[in-house]
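Working notes, structure below.
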Amino acid sequence: MSTYTEDNRKVTTHRLQEMKQRGEKISMLTSYDFSMASIVDQAGMDAILVGDSASNVMAGNVTTLPMTLDQMIYHGRSVVNGVKRALVVIDMPFGTCSGNPTQSLEAAIRIMKETGADALKIEGGKEIIDDIKKIIDAGIPVMGHLGLMPQSINKYGTYAVRAKDGDEAKKLLEDARLLESIGCFGIVLEKIPAQLAGQASKELSIPIIGIGAGGEVDGQVLVIHDMLGINKGFSPKFLRRYADLHTIMTKAVQSYIEDVKTRDFPNQNESY
Ligand code: KIV
């Protein structure tokens with residue numbers, strides 16, 4: 001039985017909600033450019049995240065913190081240009097949603113206006129709840145992000161699993177409830193114990209999308225460069241590699257070098 005959908009209707013936040021209600025798992029993957037996003041969309045992905053992980057996998061930065069609003073808008077517009085069906089969600093970059101609701105809304109409006117995306121994702125809970133509420137109240141759909149929040153790496157000092165102790169787990173559930181109560185349409189839970197993520201998914205009526213959060217959630221998200229095996233240096237336990245593009249691309253590039261050096265390329269058929 002094929003699990004790919006033949007339903008070509010545009011995916012909306014409402015349809016994600018329906019998927020949760022009927023127990024259909026939600027597929028989500030990152031993309032940062034037109035070509036990749038077109039492939040991901042045509043393959044039948046439900047949602048595409050223009051993650052600020054672009055900072056790591058596209059720009060080669062160590063953290064997501066350097067990503068600017070203009071850079072997210074550039075990546076977001078490029079992805080939207082390649083997508084017909086999937087819901088496109090864009091990350092609000094570090095520093096654009098951090099305790100000044102008026103400024104946060106301005107940044108959110110810029111992303112929505114200049115990219116044509118469907119929704120935003122914001123890292124954080126209670127501390128920035130007024131910012132998130134103001135954005136939602138302006139009619140912009142928001143997906144929360146709790147657990148490991150890479151924009152807070154300098155606070156944590158480590159990318160280890162979050163919410164393993166009772167206090168942090170309790171706060172995570174409180175934050176998740178709060179995000180639901182102000183109207184978030186979904187929440188990403190990153191790198192937390194599977195049991196806690198499953199509890200959040202059961203308790204909340206909005207979809208919970210996990211990354212390193214086990215299988216008892218409503219959907220999964222991965223970074224495309226990781227799951228395609230483009231960057232081999234990142235191998236957390238939760239990552240399943242679906243291809244080894246690093247090897248495939250290296251071999252293709254080496255063949256091209258060889259053909260140029262040996263004058264095999266271009267041949268007569270490839271010349272005017
Ligand atoms: O930026 C990103 O790619 C993300 C995912 C890891 C969820 O936030």
Side-chain angles (χ1 to χ4, degrees), residues 16 25-33 36-37 40 45-69 71-76 78-79 86-98 111 115 117-125 128 132 141-153 156 158-163 172 175-176 179 184-192 197 200-201 206-214 217-228 230-231 233-241:
L16 295 189
K25 297 280 185 186
I26 296 164
S27 60
M28 189 177 200
L29 193 60
T30 67
S31 294
Y32 316 97
D33 66 79
M36 284 270 205
V40 172
M45 195 64 56
D46 296 315
I48 294 180
L49 172 65
V50 186
D52 59 358
S53 49
S55 181
N56 310 107
V57 297
M58 300 297 289
N61 295 316
V62 175
T63 73
T64 58
L65 274 69
M67 213 60 195
T68 67
L69 190 57
Q71 287 167 336
M72 288 309 298
I73 289 171
Y74 167 79
H75 287 294
S78 308
V79 166
L87 182 90
V88 178
V89 183
I90 301 188
D91 260 340
M92 287 198 70
F94 173 68
T96 58
C97 188
S98 47
I111 300 179
T115 66
D118 302 305
L120 301 176
K121 176 166 81 58
I122 299 173
E123 290 182 18
I128 54 161
I132 300 177
V142 173
M143 173 170 252
H145 182 150
L146 300 171
L148 177 66
M149 294 178 277
Q151 291 176 11
S152 300
I153 186 60
Y156 306 137
T158 164
Y159 286 103
V161 178
R162 305 305 313 179
L172 185 140
D175 279 344
L179 290 173
C184 282
F185 72 88
I187 300 175
V188 165
L189 293 182
E190 180 166 353
K191 220 169 174 189
I192 64 166
S201 168
I206 55 174
I208 302 297
I209 310 294
I211 172 165
V217 288
D218 308 301
Q220 298 292 330
V221 59
L222 284 176
V223 169
I224 191 163
H225 288 64
D226 300 339
M227 59 84 80
L228 290 180
I230 295 177
N231 57 331
F234 182 67
S235 300
K237 180 180 171 184
F238 69 77
L239 175 62
R240 186 180 293 181
R241 284 199 206 287

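The first residue of the sequence shown is numbered 1, and numbering continues consecutively from there. Values reported hereafter were calculated over all heavy atoms of this structure, with side chains retained and with hydrogens, waters and symmetry mates removed. Start at 1 and go down the list; that is how both ligands and their atoms are numbered.
- Side-chain atoms of Ile153 and Val62, non-hydrogen and from C-beta on, never get closer than 4.5 Å to each other.
- The protein atom (non-hydrogen) at minimum distance from atom 2 (C) of ligand 1 is Ser53 OG, 3.2 Å.
- Put simply, the side chain of Asp118 does not reach to within 4.5 Å of the side chain of Phe185, judged on heavy atoms.
- Within the listing of ligand 1, atoms 1 (O) sit less than 4.0 angstrom from a heavy atom of Asp52.
- Of the N and O atoms on the side chains of Ser201 and Asp218, at least one donor lies less than 3.5 Å from an acceptor on the other residue.
- Nearest protein heavy-atom neighbour of atom 6 (C) of ligand 1: Ile211 CD1, 3.7 Å.
- Contact of the Leu189 side chain with the Leu172 side chain is registered, since non-hydrogen atoms from C-beta on lie closer than 4.5 Å.
- The protein atom (non-hydrogen) at minimum distance from atom 8 (O) of ligand 1 is Lys121 NZ, 2.9 Å.
- The contact set between ligand 1 and Gly51, taken as ligand atoms under 4.0 Å from a residue heavy atom, comprises 1 (O), 2 (C), 3 (O).
- Residues Met143 and Leu49 form no side-chain contact, since every pair of their non-hydrogen atoms from C-beta on lies 4.5 Å or further apart.
- Heavy-atom proximity to His145, at under 4.0 Å, picks out these atoms of ligand 1: 8 (O).
- The aromatic rings of Tyr32 and His75 sit perpendicular to each other, their planes meeting at more than 60°, with 30° as the lower class boundary.
- Heavy atoms of Glu123 found under 4.0 angstrom from ligand 1: none, in either backbone or side chain.
- Each of the atoms 2 (C), 3 (O), 4 (C), 5 (C), 7 (C), 8 (O) of ligand 1 lies under 4.0 Å from some heavy atom of Leu49.
- Contact annotation: the side chain of Lys25 never approaches that of Gln220 to less than 4.5 Å [non-hydrogen atoms, C-beta and beyond].
- Here is the list of ligand 1 atoms found below 4.0 Å of a heavy atom in Val223: 3 (O).
- Within the 4.5 Å cutoff, no side-chain heavy atoms of Phe94 are placed close to those of Pro150.
- Numbered from 1 in the order shown, with element, the atoms of ligand 1 that lie under 4.0 Å from a heavy atom of Asp91 read 1 (O), 2 (C), 8 (O).
- When non-hydrogen atoms are compared, ligand 1 lies under 4.0 Å from the side chain of Thr30 (C-beta onward) but not from its backbone.
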